[in-house]
Amino acid sequence: MRQLCIISVLLLSLFIGLSGCISEAKRDRMVSDEKGKYNLYIVGDDIIDNKLEKETDINNIFRMIIESDYKNAKDNTPYLKITENKPNYFVFDSKDLVYQTTSYKKLVKYLKEHPIAK
């Protein structure tokens with residue numbers, strides 16, 4: 001019985017330790033669920049989906065999360081550096097944040113130059 005308690009405590013400690021290793025981006029489901037595709041987290045650009053539709057050679061986006069409220073974005077994702085009064089674009093592969101910018105043109109350039117996410 002004592003061995004069972006010791007094993008249970010060790011397994012619980014291991015589980016708690018491993019859950020602490022998960023990045024905040026993974027925990028918040030910012031990373032892409034599909035390998036080879038990106039997730040985009042956009043703050044302050046409500047019409048990006050319309051703009052990206054016109055970019056016919058970009059097909060490496062799995063999901064876009066668009067947040068228009070800067071305060072809400074900062075509260076929900078304190079680990080991201082969000083610049084107020086400018087659009088913020090965050091690009092995640094299946095592991096973590098890989099690129100961030102406040103320029104739509106730079107975002108498009110990155111997505112075109114890196115067609116396959118890790």
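Index from 1, following the sequence. Values below: every heavy atom of this structure, side chains too, minus hydrogens, waters and symmetry copies.
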Would you say Ser103's side chain and Lys106's backbone share a donor-acceptor pair under 3.5 angstrom?
-> yes
Does any N or O in the side chain of Asn60 come within less than 3.5 Å of the main-chain N or O of Leu111, such that one atom is a donor and the other an acceptor?
-> yes
Side-chain touch Val43/Thr77, heavy atoms, less than 4.5 angstrom | no
Can any side-chain N or O of Ser32 pair as donor or acceptor with the backbone N or O of Asp93 at less than 3.5 Å?
-> no
Do Leu40 and Leu97 belong together in a cluster built from hydrophobic side chains that touch within less than 4.5 Å?
-> no
When you measure from the side chain of Asp69 to the backbone N and O of Glu67, does any donor-acceptor pair fall under 3.5 Å?
-> no
Gap separating the CD1 atom of Ile42 from the CE atom of Met64, nearest 0.5 angstrom | 5.5 Å
Close side-chain approach of Thr101 and Tyr110, heavy atoms under 4.5 Å | no
Point-to-point distance, once rounded to the nearest 0.5 Å, from CG of Asp45 to OH of Tyr89 = 3.5 Å
When rounded to the nearest 0.5 angstrom, what distance separates CG in Leu80 from OH in Tyr41?
-> 7.0 Å
Can you get from Val91 to Tyr104 by hopping between Ile, Leu, Val, Met, Phe, Trp and Tyr side chains that sit under 4.5 Å apart?
-> yes
Hey, what do you get for NZ (Lys81) to OG1 (Thr83), rounding to the nearest 0.5 Å?
-> 5.5 Å
Interatomic distance, Ile66 atom CD1 to Ile48 atom CD1 [nearest 0.5 angstrom] | 6.5 Å
Could you tell me how the ring of Phe92 sits relative to the ring of Phe90: parallel (under 30°), tilted (30 to 60°) or perpendicular (over 60°)?
-> tilted
His114 versus Tyr99: any side-chain heavy-atom pair under 4.5 Å?
-> no
Using a 4.5 Å cut-off on heavy atoms from C-beta on, say whether the side chain of Lys95 contacts that of Val31.
-> no
dist Lys37:NZ -> Arg63:CZ (nearest 0.5 Å) comes out at 13.0 Å
Would you say Met30 and Ile65 make side-chain contact, with heavy atoms under 4.5 Å?
-> yes
